[in-house]
Amino acid sequence: MPELPEVETIRRGLAGPITGRTIKRIRIVDPRVVKAPGPAEFVRLVTGRRIVGLRRRGKYLCLDLEPAGHLLVHLKMSGRLLHRRLSKKAGARVPTGLGHLLLFLDDGFLLYYHDTRRFGGFHYRTDDPFPALALGPEPLDPDFSPARWRRILVGRQARIKSLLLDQQAVAGLGNIYAAEALFRAGIRPDRPAGSLSGAEAGRLYRSMRAVLKEALAAGGTSIQDYRQADGRSGLFQVSLRVYGRRGEACPCCGVPIKACREGSRTTYFCPGCQH
DNA sequence: CCGTAGACTTGTGGTA
DNA sequence: CCGTCACAAGTCTACG
């Protein structure tokens, strides 16, 4: 699911409401979403801690706790991180099937994780987990310059679509935004990364940042599972130009969009516009 | 270094 | 209509 715009939308939606709240109680509905440590130890460590910050790096979120500790969260394909007020009625029960990990907060709200596939989940860490993630630069950071992007491409034989998905090259793009950025830049997904001209690298730099910013402004792309922290869908799915549009006419030139296999991922591109 | 395949897991949609 | 298969926003590992 969630690529940079979706994860950042969730972070923005949650940061204000949960910062300063204490985790009063934890219910683990499916232990597979607690990746480390074991469930009992997780409950013991995290219960009673206060949330003092929520940060994002690439597609990861980190809940900073006090006394010092961290919850590293990755949503993988189908994870949702949601926040809602619990019913105030005495004896009201949390609906079953709401989520797979429930964190009851001291203001009567529930912060909960739901993941159909259980690929994603929570890691408890003593130290800040971000430095150890070995991720590439944040594409929307002010320090991420066109020159830095050109240095990432130079000499690379890997196909440009694979490199955009490589979180160690640049952090946060996934299958949707990699395809959309390449379409906007007019570059075929199977080009060797190092074969891009200076002008092409510049176009890709701008299109990658533009599509991420537009998707963020739209609250992300909801195709199946992704939801914002308050449960609303994102809106960017209507603005996708090639992803998921095999056989449809290209919005620029009218040629049918093609799909091909890149590794084990489907990639979409316009054979008329992308060279 | 690069590519592919498989693993994790469940739901959905198209096809036979 | 039902069963089966392919496929899905991500990452990690193994292997050639």
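Quick note on labels: first sequence line is chain A, next is B, and so on, each numbered from 1. Keep in mind the model is a prediction, meaning the values are calculated, not measured.
The distance from atom NZ of Lys76(A) to atom P of dA7(B) is 16 Å, rounded to the nearest whole Å. Taking atom NZ of residue Lys59(A) and atom C1' of nucleotide dG10(C), one finds them 6 Å apart after rounding to whole Å. If you measure from atom CG of Leu165(A) to atom C1' of dC12(C), you get 15 Å, rounded to the nearest angstrom. For Gln157(A) and dG3(B), the CD to P distance is 9 Å, given to the nearest whole Å. Atom CZ of Arg191(A) and atom P of dC2(B) are 16 Å apart (whole Å). For the pair Arg265(A) CZ and dA6(C) P, the interatomic distance rounds to 18 Å; values are reported in whole Å. Atom pair Ile223(A):CD1 and dA8(C):P shows a separation of 11 Å (rounding to whole Å applied). Nucleotide dT4(B) holds its P atom 11 Å from the CG atom of Asp190(A), rounded to whole Å.
For Arg261(A), a side-chain nitrogen or oxygen approaches OP1 or OP2 of dA8(C) to under 4.0 Å. Close to dG10(C), at under 4.0 Å from its OP1 or OP2, lies no side-chain N or O of Gln167(A). For the OP1/OP2 pair of dT11(C) and a distance below 4.0 Å, the side-chain nitrogens and oxygens of His74(A) include at least one atom meeting the criterion.
Remark: Arg55(A) qualifies as a cation-pi partner of Phe130(A) under the 6.0 Å distance and 45° angle criteria applied to the six-membered ring.
Proximity of Phe104(A) to Leu111(A): side-chain heavy atoms (C-beta onward) are nowhere separated by under 4.5 Å. Considering only heavy atoms from C-beta on, Ser162(A) comes within 4.5 Å of Glu262(A) through its side chain.
Across dG10(C) and dC1(B), the matching P atoms stand 23 Å from one another, rounded to whole Å. Look at the P atom in both dC2(C) and dT10(B): the space between them is 23 Å, to the nearest Å. Remark: the separation of the P atoms in dG3(C) and dT9(B) is 24 Å, to the nearest Å. Distance noted for atom P between dA8(C) and dT15(B): 15 Å (whole Å). Taking atom P on both dA16(B) and dC7(C), the two are 14 Å apart, rounded to the nearest angstrom.
Among the protein residues, Phe236(A) comes within range of no part of the nucleic acid, since none of its heavy atoms lies under 4.0 Å from any strand. As judged by a 4.0 angstrom heavy-atom cut-off over every strand, Thr266(A) is placed among residues touching the sugar-phosphate backbone only. Within the nucleic acid shown, Gln224(A) comes within 4.0 Å of at least one base atom, counting heavy atoms only.
Nearest nucleotide to the Arg32(A) side chain, out of dG10(C), dT9(B), dC2(B): dT9(B). When each of dG3(B), dA8(C), dG10(C) is scored by its nearest atom to the side-chain atoms of Arg159(A), the top-ranked nucleotide is dG3(B). Checking dA8(C), dT11(C), dC2(B) against the side-chain heavy atoms of Tyr243(A) singles out dA8(C) as nearest.
Side-chain atoms of Thr266(A) and Arg261(A) include a donor-acceptor pair closer than 3.5 Å. A donor-acceptor contact closer than 3.5 angstrom links the side chains of His100(A) and Arg118(A). Inspection of the Ser145(A) and Tyr205(A) side chains reveals no N or O donor paired with an N or O acceptor under 3.5 Å.
Sorted by residue number, the members of residues 112-126 of chain A with any non-hydrogen atom under 4.0 Å from DNA chain B read Thr116(A), Arg117(A), Arg118(A), Phe119(A).
Under a 4.0 Å N-O distance rule, the pair Arg184(A)/Glu180(A) does not qualify as a salt bridge.
Taking the six-membered ring wherever Trp is involved, the centroid distance between the rings of Phe122(A) and Tyr113(A) falls below 6.0 Å.
The nucleotide dA5(B) finds its pairing partner in dT13(C), both defining distances of the Watson-Crick or G-U wobble pair being shorter than 3.5 Å.
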